[in-house]
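Throughout, a chain's letter reflects where its sequence line sits, starting with A, and its residues are numbered from 1.
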Number of protein chains: 2
Amino acid sequence: MPKNESPSQAIRLNEEHVAENMTRTREEHATELAEDYVEAIADLIDEHREARVTDLARLFAVTPATVNNTIARLQKAGLVTSEKYRSIFLTNSGRELAEQCKARHETVYRFLLSLGLSHKIASRDTEGIEHHCSPETLRAFKKLADEAGSS
Amino acid sequence: MPKNESPSQAIRLNEEHVAENMTRTREEHATELAEDYVEAIADLIDEHREARVTDLARLFAVTPATVNNTIARLQKAGLVTSEKYRSIFLTNSGRELAEQCKARHETVYRFLLSLGLSHKIASRDTEGIEHHCSPETLRAFKKLADEAGSS
DNA sequence: CAATATTTTTAGCACATGCTAACTTGACAT
DNA sequence: ATGTCAAGTTAGCATGTGCTAAAAATATTG
């Protein structure tokens, strides 16, 4: 193998850039689940006054044991309150996060619909995309969705 | 707490739907890293004829130990070949995946640019979004990006 | 109220993804 | 050629996110 001349001046690969983005993506992953949980809990409370382990397990297609595990982390993070054998509630902080997430979700969803995608596809892709949109991108999405909506 | 009447007919929460989407998102996560790796390896090989552990470590802002670990998994998955103390290469399957990823990345990036976002923001958000776009959404993105590009 | 069914919790496991520290190998310069 | 330094590897650990199986608590129902 040839000696290699210090790959500092890559054409496609701006290293700092890529590294930053990877790091951010890793961090986002850590919060995605939390966001999904608080959003689901908020919705469940809206509809049934409480969110139970079983509801969440069904919703996320995981076992109750997994929900428990995750709830413990969310509690440590100050997003939910939970007492043994009782249902789960949001802290103020959790409620706030849930609202932000719901708004963001709405924006992405409406945006994808405005591109002409089906509800099914839009709903599916929103789930994956919503956690990775910067404020700038969200603003752009919102603008487009609003324009399309008013026509 | 009141008895709850089987939350099967939720308004916002279509359970099967949500469950499906969550399951898919989990699966996507499992492949994201693999995709990022093969794409980076392909780029490195393009530019330096080989991809070394150190290059990948720098690129992803992780330690060489972590790269090693991940490469072992990619090898088990049949995406790369790697021998001790040698640089890393793609299998046919890995090369194919890398190409798909690069195309997808390009599409998402050009699309975000076409919304008027800066290179920096577009590049950042592409990293997060690209792994979660269905073929349908990608098609829509591509169409819009192409239209904007030709003006 | 007692028997049964459901829900929740716990313990123990697995795997992915990261880390540090210590060791080995390879490359280069004198 | 050899000694030093960089690169790669290994072992051991942590955390997140999932699982199963068994135990405990709660709820329902005869």
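- Scanning for side-chain hydrogen bond (donor to acceptor under 3.5 Å, both in side chains) contacts around A/Arg24 gives A/Asn21, with sequence neighbours left out.
- A donor-acceptor pair is defined here as one N or O able to donate and one able to accept, closer than 3.5 Å; no such pair exists between the side chain of A/Thr31 and the backbone of A/Ala34.
- For B/Cys101 against B/Glu130, the heavy-atom pair with the smallest separation is O-OE1, 4.2 Å.
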Salt bridge (Lys or Arg N to Asp or Glu O under 4.0 Å) evaluation trace for B/Glu106 with B/Lys102
CA-CA 6 Å; B/Glu106 269 297 298; B/Lys102 186 189 293 289; over 6 Å; no
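- Between the CG atom of A/Asp36 and the P atom of D/dG16 there is a distance of 17 Å, given to the nearest Å.
- The shortest heavy-atom contact between B/Gly78 and B/Thr91 is O-OG1, 2.7 Å.
- Contact annotation: B/Lys84 reaches the phosphate of D/dT10 (side-chain N/O to OP1 or OP2, under 4.0 Å).
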Atom pairs under 3.5 Å: protein N/O with N/O of nucleotides 20-24 of chain D:
none

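- Between the P atom of C/dG18 and the CG atom of B/Leu59 lies a distance of 13 Å, rounded to the nearest Å.
- Atom pair B/Asn69:CG and D/dA14:P shows a separation of 16 Å (rounding to whole Å applied).
- Each of A/Glu83 and B/Ala34 has a nearest nucleotide on DNA chain C; the 5'-most of these lies closest to A/Glu83.
- Within the 4.0 Å cut-off from OP1 or OP2 of C/dG18, at least one side-chain nitrogen or oxygen of A/Arg26 is found.
- OP1 or OP2 of D/dT9 lies within a sub-4.0 Å distance of a side-chain N or O belonging to B/Asn68.
- Two residues, B/Thr54 and A/Tyr37, neighbour DNA chain D, and the one matched to the more 5' nucleotide by heavy-atom proximity is B/Thr54.
- Of all heavy-atom pairs spanning B/Arg49 and B/Phe89, the tightest one is O-CE2, 3.7 Å.
- Rounded to an integer number of Å, the gap from A/His29 NE2 to D/dT15 P is 20 Å.
- Atom-to-atom, CG of A/Asp55 to C1' of C/dT8 comes out at 13 Å; the value is rounded to the nearest Å.
- Across the protein-nucleic acid pair, A/Ile71 atom CD1 and C/dT8 atom C1' stand 12 Å apart, rounded to whole Å.
- Using a 30° and 60° split on the angle between ring planes, B/Phe111 and B/Phe141 fall in the parallel class, below 30°.
- The CD-P distance, from A/Glu32 to D/dT15, rounds to 21 Å in whole Å.
- Distance A/Phe60 CZ to D/dG16 C1': 15 Å, rounded to the nearest Å.
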